[in-house]
Amino acid sequence: MSALALNAEALYSELLRGVRSMCTSETRLVGITSGGAWLAERLQKDLGLSGKHGSISSAMHRDDFAQRGLSSGGQTQLPFEIQGADVLILDDVLYTGRTIRAVINELFDYGRPANVRLAVLVDRGGRQLPIQADYAAARVALPETQSLALARLDGGAFSFEVKEENSSVGKK
């Protein structure tokens with residue numbers, strides 16, 4: 001499957017089906033800024049979950065903070081208690097695992113959840129850390145020189161952007 005042929009809306013439908021089977025009324029959705037937060041927002045509505053979804057930033061716990069600095073992607077907002085919670089982290093693209101490691105560290109700054117799981121729209125392989133998604137709507141292979149990111153169009157529909165990268169900075 002070519003990255004250019006990925007249908008983000010079709011993959012979102014797959015993610016919705018997978019996440020539905022993972023959720024209970026007690027599950028708290030937490031999306032990684034920005035693509036994961038968009039997914040969490042839409043899933044919260046489509047699943048009919050009460051309360052609000054959270055968003056979480058990896059910026060403060062990244063191992064490449066010196067190169068990246070603070071991103072403009074957003075700040076952590078968790079409108080519910082993390083202590084003892086069943087948390088489902090959502091992200092658009094899983095790559096090296098470094099963003100997930102940073103997000104888990106950020107999450108534990110707010111308390112100790114009872115359970116943390118991960119669901120992603122796309123797992124592109126290339127892991128540098130022993131991190132895996134509990135659910136991935138698709139698995140694709142891309143060259144290291146390309147990045148894949150979720151975009152949200154006016155009206156809320158999703159699409160993918162494929163970009164050529166010159167360095168390893170920004171790998172998820």
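Numbering starts at 1 and runs along the sequence shown.
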Validation row: Leu142, Ser147 side chains within 4.5 angstrom (heavy atoms): no

Pairwise distance CZ(Arg28) to CG(Leu107) - rounded to 0.5 angstrom: 13.0 Å

Pi-cation contact, Tyr135 with Arg117 (under 6.0 Å, within 45°): no

Pairwise distance CD1(Ile104) to OG(Ser58) - rounded to 0.5 angstrom: 11.5 Å

Sidechain N-carboxylate O distance under 4.0 Å for Glu161, Lys163: yes

Minimum heavy-atom distance between Leu150 and Ala8, given as atom pair plus value: CD1-CB, 4.1 Å

Between Glu41 and His53, a side-chain donor and acceptor under 3.5 Å: no

Derivation and outcome, side chain to side chain contact (heavy atoms under 4.5 Å, CB included), residues Ser159 and Leu153: CA-CA 7 Å; Ser159 69; Leu153 308 172; 3.8 Å; yes

Minimum-distance pair of heavy atoms, taken over all atoms of Ser55 and Leu78: O-CD2, 4.0 Å

Ser50 backbone acceptor or donor facing Gln44 side chain under 3.5 Å: yes

Step-by-step side chain to side chain contact (heavy atoms under 4.5 Å, CB included) determination, Asn115 to Val87: CA-CA 6 Å; Asn115 191 27; Val87 175; over 6 Å; no

Backbone N/O of His61 and side chain of Arg101: donor-acceptor pair under 3.5 Å: yes

Closest heavy-atom pair and its distance - Gly111, Gln83: CA-OE1, 3.6 Å

Between OG1 on residue Thr33 and CD on residue Gln77, distance to nearest 0.5 Å: 10.0 Å

Any Leu88 side-chain heavy atom under 4.5 Å of Asp86 side chain: no

Pair Ser57-Gln75, side-chain donor/acceptor within less than 3.5 Å: no

Ile131 backbone acceptor or donor facing Arg127 side chain under 3.5 Å: yes

Side chains of Thr145 and Glu165 in contact at under 4.5 Å (non-hydrogen atoms): no

Spacing of CG belonging to Asp123 relative to CG belonging to Leu118, to within rounding of 0.5 Å: 9.0 Å

Ring pair (Phe, Tyr, Trp, His ring centres under 6.0 Å) partners of Tyr110, counting only residues at least two apart: none

Nearest heavy atoms of Leu29 and Ala40, plus distance in Å: CD1-O, 3.9 Å

Close side-chain approach of Arg42 to Phe158, heavy-atom, < 4.5 Å: yes

Flag, side chain of Asp134 to backbone of Ala119, donor-acceptor distance under 3.5 Å: no

Heavy-atom side-chain proximity of Leu121 to Val93 below 4.5 angstrom: no

Thr27 side chain reached by Met22 side chain, heavy atoms, under 4.5 Å: no

Heavy-atom closest pair, residues Ala85 and Pro113: O-CB, 3.4 Å

Result of checking Val30, Ile32, Leu43 against Leu90 for side chain to side chain contact (heavy atoms under 4.5 Å, CB included): Leu43

Beyond-backbone contact of Val122 with Leu94, side-chain heavy atoms, under 4.5 angstrom: no

Separation between CG of Leu47 and CG of Leu16, rounded to the nearest 0.5 Å: 5.5 Å

Donor-acceptor side-chain pairing of Tyr12 and Asn7 below 3.5 angstrom: no

Working for salt bridge (charged side-chain N to carboxylate O under 4.0 Å, His left out), residues Arg124 and Glu144: CA-CA 10 Å; Arg124 64 170 284 183; Glu144 277 189 33; over 6 Å; no

Nearest-0.5 Å distance that lies between atom OG1 in Thr99 and atom CG in Asp92: 9.5 Å

Distance-only donor-acceptor check, side chains Glu164 and Gln146, under 3.5 Å: yes

Pairwise side-chain contact, Leu6 with Val162, heavy-atom cut-off 4.5 Å (strictly under): no

